[in-house]
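Please read all numbers here as calculations on a predicted model, not as lab measurements. Note that the numbering runs from 1 along the sequence shown for the chain.
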Amino acid sequence: MADVCETDVMMNYQVDFVKSDRKSPRYPYCIVWTPIPILSWLFPFIGHMGICTSSGIIRDFAGSYFVSEDNMGFGKPTKYWKLDVDKVCGNGAATWDKAVHDASEEYKCRPHNLCLDNCHSHVAMALNLMRYDNSASWNMVNLCIRSFIYGSM
């Protein structure tokens with residue numbers, strides 16, 4: 001009887017491991033957001049932001065000289081804001097991906113500053129490079145406001 005219980009426990013453990021080992025969800029052409037513990041609890045509009053490629057791979061400025069890929073600095077996205085690829089100046093997906101890549105490469109060379117040059121600035125640079133919505137004036141303040149308003153859970 002003890003052998004049966006041990007087998008059941010091992011089977012449940014293996015099933016739980018398989019469930020948690022799913023592929024990461026994808027958010028093509030999206031800005032993603034996740035809360036920062038304590039800071040987001042006090043100020044719900046402040047959080048950690050990333051931008052996704054056309055295939056949905058998340059890129060986020062997670063710390064000084066580091067842009068992560070599909071491993072956001074404060075956990076999985078809890079909100080996303082789907083953008084319209086048709087509002088990108090140029091060749092849609094190719095321009096989008098090049099802008100995300102170029103902004104990420106630039107931010108791999110920068111120190112992180114919570115108030116002046118952060119994850120929101122990284123996303124803003126990508127949007128400015130692709131001239132999203134015919135604008136080159138994206139910044140961390142308007143991104144913060146718009147993602148808070150337009151973000152979906």
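Residue H120 holds its NE2 atom at 10.0 Å from CG of N142, rounded to the nearest 0.5 Å. Put simply, CH2 on W96 and CG on L127 are 6.0 Å apart, with the number rounded to the nearest 0.5 Å. One finds the NE2 atom of H101 at 11.5 Å from the OG1 atom of T53 (value rounded to the nearest 0.5 Å). The CG atom of L116 sits 8.0 Å away from the OG atom of S121 when rounded to the nearest 0.5 Å. The NZ atom of K82 sits 12.0 Å away from the CD1 atom of I31 when rounded to the nearest 0.5 Å. In this structure, NE2 in H48 is found 12.5 Å from CG in L39, a value given to the nearest 0.5 Å.
Closest approach of G73 to A62, counting heavy atoms only: CA-CB, 4.3 Å. Residue T78 comes nearest to P35 through the heavy atom pair OG1-CD, 3.3 Å, listed as atom of the first residue, atom of the second, then distance. Nearest heavy atom pair, residue P44 against residue W33, reads O-CZ2, 3.7 Å. When every heavy atom of F66 is checked against every heavy atom of S68, the shortest pair comes out as CE2-CB, 3.5 Å. Scanning all heavy atoms of the two residues, the minimum distance from P77 to M72 falls at CG-SD, 3.7 Å. Contact record, S54 with P28: O-CB, 3.1 Å, taken as the closest heavy-atom pair.
Residue-environment remark: CG (L42) exceeds the threshold of 12 foreign heavy atoms within 6.0 Å. At most 12 heavy atoms of other shown residues, nucleotides or ligands fall within 6.0 angstrom of atom CG in N134. Surrounding NZ of K79 are more than 12 heavy atoms belonging to other residues, nucleotides or ligands, all under 6.0 Å away.
A single hydrophobic cluster is seen to contain both V85 and V100, as judged by linkage of ILVMFWY side chains at heavy-atom distances under 4.5 Å, directly or through other members. When hydrophobic clusters are built by joining Ile, Leu, Val, Met, Phe, Trp and Tyr residues whose side-chain heavy atoms come closer than 4.5 Å, directly or via intermediates, I46 is not grouped with I145. A single hydrophobic cluster is seen to contain both M130 and M49, as judged by linkage of ILVMFWY side chains at heavy-atom distances under 4.5 Å, directly or through other members. The cluster map of Ile, Leu, Val, Met, Phe, Trp and Tyr, joined by side-chain heavy atoms under 4.5 Å apart, puts Y65 and F74 in different clusters. Linking Ile, Leu, Val, Met, Phe, Trp and Tyr whenever their side-chain heavy atoms come within less than 4.5 Å puts V141 and V123 in one cluster.
In this structure, S147 contributes its side chain and C144 its backbone to a donor-acceptor pair below 3.5 Å. Judged purely by atom type and a 3.5 angstrom limit, D60 has no side-chain atom pairing as donor or acceptor with the backbone of C119. Not one N or O on the side chain of D133 forms a donor-acceptor pair closer than 3.5 Å with the backbone of S135.
A cation-pi contact links R110 to Y107, judged by a cut-off of 6.0 Å to the six-membered ring centre and 45° from its axis.
Under 4.0 Å is where a charged nitrogen must lie from a carboxylate oxygen, and between D97 and R59 no such pair does.
Here the side chains of K76 and T34 are not in contact, with every heavy-atom distance at 4.5 Å or above. Residues W81 and C30 are not in side-chain contact: their nearest non-hydrogen atoms beyond the backbone lie 4.5 Å or more apart. Put simply, the side chain of N118 does not reach to within 4.5 Å of the side chain of L114, judged on heavy atoms.
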Step by step, would you call R26 with I57 a side-chain contact (heavy atoms from CB on, under 4.5 Å)?
CA-CA 6 Å; R26 296 289 180 217; I57 296 169; 4.0 Å; yes

Between Y132 and L83, is the side-chain contact (heavy atoms from CB on, under 4.5 Å) condition met? List the steps.
CA-CA 9 Å; Y132 185 78; L83 299 178; 3.4 Å; yes

Y29 vs V88, test: side-chain contact (heavy atoms from CB on, under 4.5 Å). Steps then yes/no.
CA-CA 10 Å; Y29 306 112; V88 173; over 6 Å; no

Pair I58, Y80 - check side-chain contact (heavy atoms from CB on, under 4.5 Å), show working.
CA-CA 11 Å; I58 302 169; Y80 67 95; over 6 Å; no

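With hydrogens and angles left out, the side-chain atoms of D117 and H112 include no donor and acceptor closer than 3.5 Å.
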